[in-house]
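Notes follow once the structure below has been shown.
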Amino acid sequence: MIGIVDCNSFYVSCERLFRPDLNDRPVGVLSNNDGCVIALSNELKALGITMGTPAHFLRDQVMHEGVTLFSSNYELYGDISQRVQAVLEEFSAGIDPYSIDECWVDFSGFSADQLEQHAHELRRRVKQYTGIPVSIGVAPTRTLAKVANRAAKKNASYEGVCVLYPNSPRAVELLQHFDLGDIWGIGRRLDEKLRQLGINTAWDLRRQNAKELRRRFSVTLERTVLELQETPAIEMMGMDFARERIMTSRSFGQLTEDKSEVRGAIRQHAQRSAEKLRKQGSLCRAVLVFLRTNPHRHDLDQYNPSQIIELDHATDDSRDIVAASMRVLERIYTTGFQYKKAGVMLMDIGDRSVEQLSLLDSARSDIERARSGRLMGVMDELNEKMGRNTVRLGSAATGAAWQLRCANRSPRFTTRWDEIPMAKL
DNA sequence: TGGGCGGTT
DNA sequence: AACCGCC
């Protein structure tokens, strides 16, 4: 049996750890750039607000209905996430982190009654040690564990834990009332197409022929059906493999046509991309830079250029990647447009140990490579220890228009000494 | 009216 | 190079 542990309204729960006064209040957390609501407390949901609502729709509620909105504070959420994972790891047979607020947990080897008890114990420990409330779904497959998790969350009588044993009446009952679009892996598009075939619930989908659906749709849908039928078909342990493309992009806090500001943003995104590249032990051979104007502003001219540049050798050196990005930017940047977003994508990615053996790379000496590796290693270590962007290439450019809007970000309580909470006794 | 993938045209 | 789908 496999379990999925999902933190309830995770970002909101993180904020509430340090603001217990908000425990029964409507609270939301905004996306990067304070764009839209991406995490909602139950009290905020009860006001009819949904995920993705633009923040400015909520201005009145913030003023008059006691709604509290936070800018997102990923440094805090990332740290709390690691603490939750540490607890899960300590009290289980094995874990496999899935996202910042979800984690697969190995539940194999328990008898039926032990299993339910163990899940409740796990939930209690996480709450005790981190303060974060979680819901746990357990089932023979990942897709069914996700179904169980949703039930655990929606139905208070489960008290945060729902176990679906193979062939159980509870599973049948649940699937019969489970909306197609809420199944893990069924998006809006697929939901629509399947409904045209008269498939409306998880139970309907479970009764389909998996091979037939593979032929008509895709191998991923076949896997989903198999998993609903209690046959494991989705492996996750290998989910952590190296990315084939690595992108870093951000919207600007406000539109800008200042070239030096766009340059600053690209320089930062190039360095962040290079960091991610080194983290997964890869080298890249091509860099893509793109710019975007605001597609919602029909009154402004649109321009969404992107261009790729091939590097003369595979690299993970931030200096190479920044230099290449700057060359591309020079080629695509055009004055007279109001830019909304910029990004850097690394492509043609391969494993470091393989790439370095390539004859094409013989132009670079071993000494050169060793120096680069040491320098990048020191930069990564300092940035990891002291906070992102402590050491960087080029100037700081703080206060530029392109920097993120985050008007209501809480302190990074657990990762910055100068933002640590103070207690008055 | 977000970001980061993978994929297709 | 531009666009789409999904989470």
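Each chain gets a letter, A, B and so on, in the order its sequence line appears, and its residues count up from 1. Keep in mind that this is a model prediction, so the values were computed, not measured. Excluded from the calculations below are hydrogen atoms, water molecules and symmetry mates; all remaining heavy atoms, backbone and side chain alike, are included.
In this pair, A:Tyr77 and A:Tyr11 present their aromatic rings parallel. The plane angle is below 30°, not in the 30 to 60° band. Ring geometry for A:Tyr129 versus A:Phe91: interplanar angle under 30°, hence parallel rather than tilted (30 to 60°).
Chain A approaches DNA chain C within less than 4.0 angstrom (heavy atoms of the protein), and the contacting nucleotides run 5' to 3' from C:dA1 to C:dC7.
Spacing between atom CD1 of A:Ile246 and atom C1' of B:dG4 amounts to 11 Å, rounded to whole angstrom units. Atom CD1 of A:Ile349 and atom C1' of B:dG4 are 13 Å apart (whole Å). Atom CZ in A:Arg250 sits roughly 14 Å away from atom C1' in B:dC5 (whole-Å rounding). When the C1' atom of B:dG4 is taken as reference, atom NZ of A:Lys341 falls 9 Å away, rounded to whole Å. Between the C1' atom of B:dG2 and the CZ atom of A:Phe290 lies a distance of 12 Å, rounded to the nearest Å. One atom, CG of A:Asn33, and another, P of B:dG4, lie 12 Å apart when rounded to the nearest Å. Put simply, CG on A:Asn32 is 6 Å from C1' on B:dG2, counting in whole angstrom units. Going from atom CD1 of A:Ile38 over to atom C1' of B:dG3 covers 10 Å, rounded to whole Å.
A:Ser251 has a side-chain polar atom (N or O) that falls below the 4.0 Å cut-off from OP1 or OP2 of B:dG3. Neither OP1 nor OP2 of B:dG4 sits under 4.0 Å from any side-chain N or O of A:Thr248.
Defined by atom type and a distance below 3.5 Å, a donor-acceptor pair is present between the side-chain atoms of A:Asp106 and A:Ser108. Checked by atom type, the side-chain pair A:Gln271/A:Arg392 shows no donor-acceptor distance below 3.5 Å. A:Ser9 and A:Ser41 share no donor-acceptor pair across their side chains, judged by distance under 3.5 Å alone.
Backbone-only engagement by A:Gly185 is indicated by non-hydrogen atom pairs under 4.0 Å involving sugar-phosphate atoms exclusively. Residue contacts shown for A:Ile186 are limited to sugar-phosphate atoms, with no base heavy atom under 4.0 Å away. Looking at heavy-atom distances under 4.0 Å, A:Ile308 makes contact with sugar-phosphate atoms alone, never a base. A:Leu190 comes within 4.0 angstrom of sugar-phosphate atoms only, judged by non-hydrogen atoms across all strands, and of no base. Using a 4.0 Å heavy-atom cutoff across all strands shown, A:Lys276 reaches sugar-phosphate atoms only and no base atom.
Residue pairs satisfying the ring-ring contact (aromatic ring centres under 6.0 Å, His included) criterion with at least one member in residues 277-311 of chain A, sequence neighbours excluded, are listed as follows: A:Tyr303-A:Phe337.
With sequence neighbours left out, the side chain to side chain contact (heavy atoms under 4.5 Å, CB included) criterion links A:His120 to A:Glu116, A:Glu159, A:Val161. Take A:Phe413 and apply the ring-ring contact (aromatic ring centres under 6.0 Å, His included) test, not counting sequence neighbours, and it matches A:Phe18. Annotation: salt bridge (Lys or Arg N to Asp or Glu O under 4.0 Å) contacts of A:Asp380 (sequence neighbours excluded): A:Arg278.
A:Arg170 and A:Glu173 are not joined by a salt bridge, as no carboxylate oxygen comes within less than 4.0 angstrom of a charged side-chain nitrogen.
Remark on DNA chain B: of its neighbouring residues A:Lys340 and A:Ser249, the 5'-side contact belongs to A:Lys340, judged by nearest-heavy-atom nucleotide.
Using P as the reference atom, B:dT1 and C:dC6 are 24 Å apart when rounded to the nearest Å.
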Report, one pair per line, the protein and nucleotides 7-9 of chain B atoms (nitrogen or oxygen only) whose separation is under 3.5 Å.
{"residue": "B:dG7", "atom": "N7", "partner": "A:Arg245", "partner atom": "NH2", "Å": "2.8"}

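Minimum atom distance to the side chain of A:Arg243 is reached by B:dC5, of the listed B:dC5, B:dT1, B:dG2.
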